[in-house]
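Just so it is clear: chains get the letters A, B, ... in the order the sequence lines come, proteins before strands, and each one is counted from 1.
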Number of protein chains: 2
Amino acid sequence: MSDVARLAGVSRTTVSFVLNDKPGAAIPDETRRRILEAIDELGYRPNAGARALAANRSGWFGLITEIVTGPFAAEVITGAQSRAWGDRRFLLIAASEGDPAQEAAALDQMLEHRVEGLLYATTWHRAVTLPKAAREVPTVLVNCYDAEGELPCILPDEESGGHRATRRLLDAGHTRIGFINLDPAIPAAIGRREGYERALREAGITPEPSLVIPGWATADGAYTAACELLDRPAAARPTALFCGNDRMAMGAYDAIKERGLRIPHDVAVVGFDNQELIAAYLRPKLTTLALPFEAMGTKGVDMLAALAAGQPLDTHRVTIDCPLLERSSV
Amino acid sequence: MSDVARLAGVSRTTVSFVLNDKPGAAIPDETRRRILEAIDELGYRPNAGARALAANRSGWFGLITEIVTGPFAAEVITGAQSRAWGDRRFLLIAASEGDPAQEAAALDQMLEHRVEGLLYATTWHRAVTLPKAAREVPTVLVNCYDAEGELPCILPDEESGGHRATRRLLDAGHTRIGFINLDPAIPAAIGRREGYERALREAGITPEPSLVIPGWATADGAYTAACELLDRPAAARPTALFCGNDRMAMGAYDAIKERGLRIPHDVAVVGFDNQELIAAYLRPKLTTLALPFEAMGTKGVDMLAALAAGQPLDTHRVTIDCPLLERSSV
DNA sequence: ACAAGGAAGTAACGCGCGTTATTAAAGCGC
DNA sequence: GCGCTTTAATAACGCGCGTTACTTCCTTGT
């Protein structure tokens, strides 16, 4: 920077003013041009670390996930990343691998790097408890919530998702809709079932509990559940299946095809999660709902930026809709 | 840090010595204990940015990928990440989205952050040309190579992969092995075909060109190709299919099942890429080869660490084996 | 002609730390 | 008791930059 100043025939301060577009500093165009030329000629690059030190603003946000691999975390990262870079902020990403020790170590490193905020994301919607150190810095939870309900969080709107999926099947003319659910104890399963039942009631149909079977989140479990549903007498057999996730839909597909039934003519299927590799390549392609991971990532950075700037949050608990992806299974 | 020094009754320098385990500095246990106690009591955390500035070592490596989403990039990141954190180094990750402008911007930011090395990873094995700015810092290519052949690179061993897949089918007793290949012009397709033919020749079988058909990397393309192969007269029909990737294997599965043939009894299948969501949930589960993305990521950080330390590289071009994942389709 | 005010630019300090050169005290052999 | 080495610790500088307080020069109005 001193070299630039010397070459441009000004002081280092002036160079700094130009680089930061300092408001209130009167820099004639001619001087500015000389400085920019010098920067270009010398190939000068400001040192981000030194700037951070002097300005007392690191520009970093931390992002802790359980695993970096896996489509979910990757999408959150994508969303957060793009939003952050656009804002000239940067993401220090760490994976906890589900290990509290690694998680604590990662958090330590982040605090040493003076992150201005922390994003904590989980693979599936559930409650979490953070290490105490997380209180030292603004924190936003993504796809999870803390038991004490103190931290702001961003969650998928499971209820409206279940409603939307069911509604889609109702619109296609189905009235007996089987629901192969996830583990019934988790928030996703509870919310989606509520949405499912609300959609039915809104259509004037009384929810039939026997049409709801847990598939335990596996393809095999869903296969078994689908067999059970499809082998009922014709009058009780569902003409559509709403599956808790796409892997489960895969199992359901097998059960359906095995019985010589066609999708969607004989049985329609809606999945959940939009696991691209499954949904887009099943035959026929699977209509499913997407968990809005990328949107949750960007929203997380937004909220963090607000918090870091000292602004209050309008909403402490944000829910984001799960969009329906129309393919060929309905 | 001054507070710590004051509380411990020593100078800031002494605190620094303790923090860095400075060799040659004689610190009595008693003094060290007092300092560590003071650190603990005050909850002091060193400022990583300031350390970097003073020591002139940022501790950062940059990682540029085309997309952060997608299983490939995610695995590379996982590998690089775990290796880097273990070494107290950190990854500044950016996605180019295939856009040269974004790529250049990302690189600029990385250089401003004074990364000590750059990892450049692509989604599929191919040649690349880097922005000139990349020359300013040690660079290692992952899953790609530069046309000039100047930069060190890490590549999957396609030839041995093709050989291993074919060998597995030969070992299972197959002699007419169809190969539904990727776009024949790309390195992966070329290497794997070489391996395929070598394995055949080693088994005393003359490669039959008509058994090799491009599937153009899509499930539909592979489906068409598989139909063509399976509809040949019995004597010319392959009893096993080696597919260029798992999506293509998915298409092949459909063609096989449609004809009432069973996997693996009538037709065995080997895929490539180990796209977990497909390979592990197809029925029967798909035997496939994994691209060693995670290993490539860790190796990349290793090489970068060596380069950043000024050590010469033993090998300029590293290839890593593609392991066979045994499931149920052979 | 002169004060007032703005335009253009600078010197100097501090951010939090690593590191070198130096000092002061303590131990040791005789 | 004296010189010499080791031990323990420190003052002071610099890393690359942002920022504040200050100076100098030019314009403008009267």
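- Applying the 4.0 Å criterion to OP1 and OP2 of dA9(D), one finds that Thr14(B) has every side-chain N and O outside that range.
- Between Trp60(B) and Trp60(A), the ring-plane angle classifies as parallel under the 30° and 60° cut-offs.
- The distance between atom CZ of Arg34(A) and atom P of dA8(C), rounded to the nearest whole Å, is 12 Å.
- Distances from the side chain of Ser11(B) to the nucleotides dG16(D), dG18(C), dT10(D) place dT10(D) closest.
- Counting to the nearest Å, the C1' atom of dA12(D) and the CZ atom of Phe17(B) are 13 Å from each other.
- No salt bridge links Lys132(A) with Glu103(A); every basic N to acidic carboxylate O contact stays at or beyond 4.0 Å.
- In this structure, Arg12(A) atom CZ and dA8(C) atom P are separated by 21 Å, rounded to whole Å.
- Side-chain atoms of Thr13(B) and base atoms of dA11(D) include a donor and an acceptor less than 3.5 Å apart.
- Taking atom CD1 of residue Ile27(B) and atom C1' of nucleotide dT7(D), one finds them 10 Å apart after rounding to whole Å.
- To the nearest angstrom, C1' of dT19(D) lies 16 Å from CG of Asp21(A).
- Each of Val10(A) and Asn56(A) lies near DNA chain C, and the nucleotide nearest Val10(A) is the one positioned closer to the 5' end.
- At dC17(C), none of the side-chain N or O atoms of Asn47(B) fall inside 4.0 Å of OP1 or OP2 (strictly under the cut-off).
- If you take NE2 of His113(A) and P of dC15(C), they are 21 Å apart, rounded to a whole angstrom.
- Among the nucleotides dT10(D), dA11(C), dG16(D), the one closest to the side chain of Ala54(A) is dG16(D).
- Side-chain atoms of Met1(B) lie closest to dC17(C) of the nucleotides dG18(D), dC17(C), dA8(C).
- Taking the charged nitrogens against the carboxylate oxygens, Asp3(A) and Arg6(A) do have a contact shorter than 4.0 Å, which makes a salt bridge.
- Taking atom CD of residue Glu112(B) and atom C1' of nucleotide dG16(D), one finds them 13 Å apart after rounding to whole Å.
- Nearest-nucleotide positions on DNA chain C for Ala50(A) and Asn20(B) put Ala50(A) closer to the 5' end.
- Between the NZ atom of Lys22(A) and the P atom of dT10(C) there is a distance of 16 Å, rounded to whole Å.
- Phosphate contact (OP1/OP2 of dC17(D), side-chain N/O of Arg51(A), threshold under 4.0 Å): absent.
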